[in-house]
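Proteins get letters first, then strands, A, B, ... in listed order; numbering begins at 1 in each.
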There are 2 protein chains.
Amino acid sequence: MRADARKNHDHLLAVADAVITEQGADASLRDIARRAGVGLATLFRHFPTREALLEALLRDGFDELTARAAELETTSPPEEALVAWLRDFVACAHNYRGVTAAMMTAIEDPQSALHASCEAMRSAGTRLLARAQAEGVARTDIDGTDLFALAGSLAWLHDQPALAPRADRLFGVVVNAILTKSGVASAGEG
Amino acid sequence: MRADARKNHDHLLAVADAVITEQGADASLRDIARRAGVGLATLFRHFPTREALLEALLRDGFDELTARAAELETTSPPEEALVAWLRDFVACAHNYRGVTAAMMTAIEDPQSALHASCEAMRSAGTRLLARAQAEGVARTDIDGTDLFALAGSLAWLHDQPALAPRADRLFGVVVNAILTKSGVASAGEG
DNA sequence: ACCTGAACACCGTTCAAGT
DNA sequence: ACCTGAACACCGTTCAAGT
């Protein structure tokens with residue numbers, strides 16, 4: 001990549017991060033290009049779709065989450081590992097408002113730029129769930145996609161301004177439904 | 001209201017029902033007016049905001065749900081009543097894709113045309129929940145707004161095409177988390 | 001009283017023309 | 001190889017002008 005292109009690429013990402021943090025995943029692309037002081041067509045050259053831009057923004061966090069799943073698998077007991085990872089996942093998805101719905105459509109569409117990242121998330125979560133199920137601490141009538149769906153719905157709760165204050169407590173309620181033991185019912189109060 | 005205005009009003013509602021069923025709550029208002037064979041400004045005259053239009057579409061169903069809550073309170077045991085009403089509520093909210101988020105913002109905004117309907121839903125659900133809590137069949141660390149939030153997140157799941165097939169089963173999982181007894185874990189399989 | 005076409009300021013997408 | 005302005009077809013909103 002040419003030096004000026006690289007510079008535009010990085011600057012666009014930084015501006016997009018700020019704007020999407022502020023306005024959500026459906027922020028105006030025109031506005032992003034404008035604030036970056038760059039032609040709108042240049043934004044499209046670097047990120048041909050909105051999802052490609054989201055993917056570039058989310059990739060680092062997703063890679064960290066995948067690594068964290070592997071780490072938790074060896075360092076923490078199954079129940080604790082699953083709950084801790086779910087909490088991190090929801091926090092990451094909630095990083096940009098409205099990104100959860102994009103992930104849910106992307107995971108079913110192999111063409112989507114977000115597809116691979118979502119798949120990685122789902123399989124990481126599935127492994128932690130399977131481990132918990134094998135140890136008898138998680139209900140066995142749900143699979144990794146169900147877990148992904150429940151995590152997504154919790155991230156969605158976070159996105160609703162009216163409900164955000166209760167999202168941590170409801171996280172505890174839903175986690176309690178996933179686990180067969182009930183020692184983590186109150187997860188985020190205080 | 002003048003006869004021609006009444007006719008436009010009713011026809012717009014019928015067309016809006018079809019278009020929003022097809023395209024979701026963020027369907028193009030221009031498209032609705034176009035399909036109704038009416039000027040766009042006429043749509044705005046009858047329904048000054050998108051929420052006003054949604055409210056007109058949802059009102060009947062919401063009124064039915066309120067009546068149903070009162071009915072269930074006298075005809076069914078507390079647990080059964082709560083679960084049955086929740087199921088109806090989710091089905092109604094899912095009637096139009098994307099309407100759940102609109103409801104969540106409306107319930108916090110007294111100015112919204114949807115506010116009153118949402119408040120009615122919440123208080124109806126709260127009464128059924130309180131009854132179940134008093135009988136010791138529902139956990140006591142959640143309130144009516146939490147219930148509304150969980151129901152909303154289940155409706156959101158229904159809206160995601162990839163997750164819709166699992167929404168009934170996950171309804172069971174979440175309901176199981178709300179109830180203190182566990183006799184309804186598998187709610188929608190078969 | 002009610003309706004409408006046109007204007008306005010936006011949006012995402014594309015592409016010929018520039019350097 | 002990379003960037004850009006302009007064009008295109010959309011969108012929601014408003015309002016003067018019509019009946």
Side-chain angles (χ1 to χ4, degrees), chain A residues 1-57 96-99 101-102 105-106 109 111-114, chain B residues 1-57 96-99 101-102 105-106 109 111-114:
Chain A
M1 198 181 311
R2 231 165 61 178
D4 55 342
R6 157 69 46 197
K7 192 184 159 194
N8 273 339
H9 179 95
D10 295 347
H11 187 217
L12 275 168
L13 263 187
V15 171
D17 173 63
V19 173
I20 290 181
T21 295
E22 193 180 304
Q23 301 182 11
D26 54 353
S28 160
L29 299 178
R30 223 184 189 94
D31 195 31
I32 292 172
R34 204 155 35 209
R35 290 210 214 175
V38 122
L40 178 54
T42 301
L43 173 60
F44 275 82
R45 159 176 291 275
H46 286 284
F47 308 101
T49 64
R50 170 174 247 113
E51 288 192 333
L53 179 59
L54 288 175
E55 197 270 340
L57 287 174
Y96 303 109
R97 180 162 32 94
V99 94
T105 60
D109 174 20
Q111 303 299 323
S112 165
L114 272 171
Chain B
M1 197 181 311
R2 230 166 60 180
D4 55 344
R6 158 70 47 196
K7 192 183 159 195
N8 273 339
H9 179 95
D10 295 348
H11 187 217
L12 274 168
L13 263 187
V15 172
D17 174 62
V19 174
I20 289 181
T21 295
E22 193 181 305
Q23 302 181 11
D26 54 352
S28 160
L29 299 179
R30 223 185 190 94
D31 195 32
I32 292 172
R34 205 155 34 208
R35 291 211 214 175
V38 124
L40 178 54
T42 302
L43 173 59
F44 275 83
R45 160 174 289 276
H46 286 284
F47 309 101
T49 64
R50 169 174 248 115
E51 287 191 337
L53 179 58
L54 288 176
E55 197 271 340
L57 287 174
Y96 304 108
R97 180 163 32 95
V99 94
T105 60
D109 174 20
Q111 303 300 324
S112 165
L114 272 171

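B/A3 comes within contact range of no nucleotide atom at all, as no heavy-atom separation falls under 4.0 Å. Across all strands, B/R45 comes closer than 4.0 Å to base atoms (heavy-atom distances). At the heavy-atom level, B/H46 lies under 4.0 Å from the strands shown only through sugar-phosphate atoms.
Between the side chain of A/R50 and the main chain of A/A25, a donor-acceptor pair closer than 3.5 Å is present.
For the pair B/L29 CG and D/dC10 C1', the interatomic distance rounds to 13 Å; values are reported in whole Å. We find that CD of B/E51 is positioned 11 Å from P of D/dT13, with the value rounded to whole Å. Note: CZ (A/F47) to P (D/dC3) measures 11 Å, nearest angstrom.
Annotation: side chain of B/T21 is in contact with side chain of B/Y96 (closest heavy-atom distance under 4.5 Å). Residues A/T105 and A/E51 have side chains in contact (heavy-atom distance under 4.5 Å, counting atoms from C-beta outward).
For A/N8, counting side-chain heavy atoms from C-beta on, the closest listed nucleotide (C/dG12, C/dC3, D/dC3) is D/dC3. Proximity note for A/R2 (side chain, C-beta onward) versus D/dA7, D/dC2, D/dT4: the nearest is D/dC2. For B/R30, the listed nucleotide lying nearest its side chain is C/dA7; candidates were C/dC3, C/dA7, D/dT4. Between D/dG5, D/dC11, D/dT13, one nucleotide has an atom nearer to the side chain of A/A41 than all others, and that is D/dG5. Comparing atom distances between the A/A5 side chain and each of D/dC2, C/dT14, D/dA7 picks out D/dC2 as nearest.
Side-chain nitrogen and oxygen atoms of B/R34 include none within less than 4.0 Å of the OP1 or OP2 phosphate oxygen of D/dG12. B/S28 has no side-chain polar atom (N or O) that falls below the 4.0 Å cut-off from OP1 or OP2 of D/dC10.
Residue B/S28 is tested with B/D31, B/I32, B/D26 for a side chain to side chain contact (heavy atoms under 4.5 Å, CB included); the sole match is B/D31.
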> How does DNA chain D read in dot-bracket, base by base from 5' to 3', with Watson-Crick or G-U pairs under 3.5 Å and | used when the partner is on another strand?
Replying inline: ||.|||||...|||||.||

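Comparing B/L40 and B/R6 by the nucleotide of DNA chain C whose heavy atom lies nearest to each, the residue mapping closer to the 5' end is B/R6.
Note on ring orientation: taking the six-membered ring where Trp is involved, the planes of A/H9 and A/H46 are perpendicular (angle over 60°, cut-offs 30° and 60°).
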